[in-house]
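Since the structure comes first, as structure tokens, the remarks are kept for the end.
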Number of protein chains: 2
Amino acid sequence: MTATGDARRAPVPPGGRREDRRAQLVEAAVDHVAAHGIADLSLRRLGAATGVSHRMLIHYFGTKEQLLVEIVRTSERRRRASLSRLRAEPGRSPADVARLLWRQLADPGAAGEERLFFEICGHALRGRPEAAPVLEGLVEDWLEPLVAAEIEAGATPAEARNRARVGLATVRGLLLDLLATGDRAGVDAAMEEFLRLYFGSE
Amino acid sequence: MTATGDARRAPVPPGGRREDRRAQLVEAAVDHVAAHGIADLSLRRLGAATGVSHRMLIHYFGTKEQLLVEIVRTSERRRRASLSRLRAEPGRSPADVARLLWRQLADPGAAGEERLFFEICGHALRGRPEAAPVLEGLVEDWLEPLVAAEIEAGATPAEARNRARVGLATVRGLLLDLLATGDRAGVDAAMEEFLRLYFGSE
DNA sequence: GGCTTCATGTACCGAACGGTACATGGGGGT
DNA sequence: ACCCCCATGTACCGTTCGGTACATGAAGCC
């Protein structure tokens, strides 16, 4: 049976094309926003860029605000997916986890999404409700794999939490440095210096 | 002689009230933006908040874009002023400089300006020209006092630069953590942990 | 005292926006 | 074959925006 076979009485085919189309539109919207920013997004421009009329965006998302919610949520989901790559193998040393974290955040191909992350942070810090979910998991969610690696390496829970928080903060600060200056070599050198400080392997 | 006595032929009294009024308006604008954000600033709302008509903002700044330039510049100038407090005394240890840097950035009274900083960063990373000046000095300017303290403490120039870059990044990352979570105690603990790592005073 | 200059306000303009009303056309169910 | 549902488009509405035209009144200069 096809996915469209059993939709009859519900105004919205439950597992049908509508949700697919919605998901497809929001994916396109996240791409567009990662490339062009979220600050001055307009339904008309987004529609023109993705090949639909702005009317359809209203049709699928009800309101611009709800579309923004979906965009932020989807962008977050993408980040979670890359986060899950960090916590996969439990045998990793903290240094490995930190290097992995850095490598994936500093990847030039992800620069658009990282810029979007900082941009959404800026909006969230202003209390914009659609961006608020980013603040929730901003620290806790990313702390988890780092804390796990620290504890596995022998740290006490309190130590592990503080060390993980420092590591996350440093990686984020260096990421901002990288995005602002573009000085990949300089920032990489600083990251190596941090790893020496952090793990003591002089 | 008063400041208004000698303005005759120039369309703008050179040292006269016009520049004073301009400066006064831009200061009020920065305050307003630090409190309410820069993303959806409108001349009308800003005018209403500062007691002038939006017409006057155009009169003094020509265009909204130029007003934004002035706002960013003035906000930067305020940050420079607080930066200069860091590099005043040359006898400071790197730990002292780092603690001072942290204390002044994490001060709750400065939260509005710090939020504005991240917000402007987000715009600057998108290439908005009025925010671009922030990116210029984002790293270099703040590195200087840290590097100086490191060299004074005996580091080689290369070491000093890397260590300073790490310190600045960590402070910024923890600041974002603090603004997002509001967990002052937790972030302070992480900062102390970082200072232990950084300066080795176990 | 008359003239100019300038700060300031009111009223307006065109553009872009988010959102709505309505038309239309195609695909699936009976 | 008919019908209905729904995706999609076009045209429009009211609002807000940045920016402009013009009026007005006060202050300084001859």
Side-chain angles (χ1 to χ4, degrees), chain A residues 1-26 28-29 32-33 36-71 123 128-130, chain B residues 1-26 28-29 32-33 36-71 123 128-130:
Chain A
M1 95 185 178
T2 71
T4 69
D6 55 355
R8 199 168 70 253
R9 81 207 58 185
V12 171
R17 292 165 312 222
R18 184 184 172 91
E19 292 306 312
D20 291 351
R21 185 85 175 108
R22 228 180 100 104
Q24 166 186 345
L25 283 176
V26 72
H32 180 262
V33 154
H36 299 91
I38 202 175
D40 52 359
L41 177 73
S42 93
L43 297 183
R44 286 174 152 87
R45 276 200 300 270
L46 175 60
T50 59
V52 299
S53 71
H54 83 285
R55 165 69 179 79
M56 295 316 300
L57 298 173
I58 296 288
H59 177 68
Y60 280 106
F61 299 98
T63 194
K64 182 189 182 184
E65 203 67 15
Q66 290 174 352
L67 171 58
L68 285 175
V69 169
E70 299 275 355
I71 287 175
H123 290 192
R128 291 284 289 267
E130 76 275 5
Chain B
M1 96 185 175
T2 70
T4 69
D6 54 356
R8 199 169 69 252
R9 80 207 59 187
V12 170
R17 292 164 312 220
R18 183 181 174 93
E19 292 306 313
D20 291 351
R21 185 83 175 111
R22 229 181 98 103
Q24 167 186 344
L25 283 176
V26 72
H32 180 263
V33 153
H36 299 91
I38 202 176
D40 51 359
L41 177 73
S42 92
L43 297 182
R44 285 174 154 87
R45 277 200 298 272
L46 175 60
T50 59
V52 299
S53 72
H54 83 285
R55 166 69 179 77
M56 294 317 300
L57 299 173
I58 296 288
H59 180 247
Y60 280 107
F61 299 98
T63 193
K64 183 189 182 184
E65 202 67 16
Q66 290 174 353
L67 171 57
L68 285 175
V69 169
E70 299 276 354
I71 288 175
H123 290 194
R128 293 282 290 266
E130 77 275 5

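First the proteins, then the strands, lettered A, B, ... as listed; each starts at 1. Remember, predicted model here, so these are calculated numbers, not experimental data.
Atom-to-atom, CZ of A/Phe61 to C1' of C/dG19 comes out at 16 Å; the value is rounded to the nearest Å. Remark: P of D/dA7 and CG of A/Leu57 are 14 Å apart, rounded to the nearest angstrom. Whole-Å rounding puts the A/Leu46 CG to C/dG19 P distance at 13 Å. Remark: C1' of D/dG9 and CE of A/Met56 are 9 Å apart, rounded to the nearest angstrom. Rounded to an integer number of Å, the gap from A/Leu68 CG to C/dC17 C1' is 14 Å. If you take CZ of B/Arg22 and P of C/dC6, they are 16 Å apart, rounded to a whole angstrom.
Residues that satisfy the side chain to side chain contact (heavy atoms under 4.5 Å, CB included) test with A/Val26, not counting sequence neighbours, are A/Phe61, A/Glu70, A/Ile71, A/Thr74. Contacts of B/Gln66 classified as side chain to side chain contact (heavy atoms under 4.5 Å, CB included), with partners at least two apart in sequence or in another chain: B/Thr63. Checked against side chain to side chain contact (heavy atoms under 4.5 Å, CB included), B/Val52 has the following partners two or more places apart in sequence or in another chain: B/Arg21, B/Leu25, B/Thr50, B/Met56, B/Leu57.
The stretch residues 51-61 of chain A participates, sequence neighbours left out, in these side-chain hydrogen bond (donor to acceptor under 3.5 Å, both in side chains) pairs: A/Arg18-A/His59. Residue pairs meeting the salt bridge (Lys or Arg N to Asp or Glu O under 4.0 Å) criterion with at least one member in residues 38-51 of chain B, sequence neighbours excluded, do not occur.
Distance check, rounded to the nearest 0.5 Å: NE2 of B/His123 to CG of B/Leu68 gives 9.5 Å. The line from CG of A/Leu46 to NE2 of A/His36 is 10.5 Å long, rounded to the nearest 0.5 Å.
Checking the phosphate oxygens (OP1, OP2) of D/dG19, a side-chain nitrogen or oxygen of B/Thr63 falls inside 4.0 Å. Using a 4.0 Å cut-off, no side-chain N or O of B/Ser53 falls inside it from OP1 or OP2 of C/dT8. Regarding contacts with the backbone of D/dT8, a side-chain N or O of A/Tyr60 is found under 4.0 angstrom from either OP1 or OP2. Within the 4.0 Å cut-off from OP1 or OP2 of C/dT8, at least one side-chain nitrogen or oxygen of B/Arg21 is found.
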Reading 5' to 3' through nucleotides 20-27 of chain D, protein heavy-atom contacts under 4.0 Å coded B for base, S for sugar-phosphate only, - for none: BBB-----

Polar atom pairs between nucleotides 14-17 of chain D and protein, under 3.5 Å, N or O only, would you list them?
| unit_1 | atom_1 | unit_2 | atom_2 | d |
| --- | --- | --- | --- | --- |
| D/dC17 | OP1 | B/Ser42 | OG | 3.2 |
| D/dC17 | OP1 | B/Arg45 | NH1 | 2.8 |

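When all heavy atoms are compared, the tightest approach of B/Leu41 to B/Lys64 is O-NZ, 2.9 Å.
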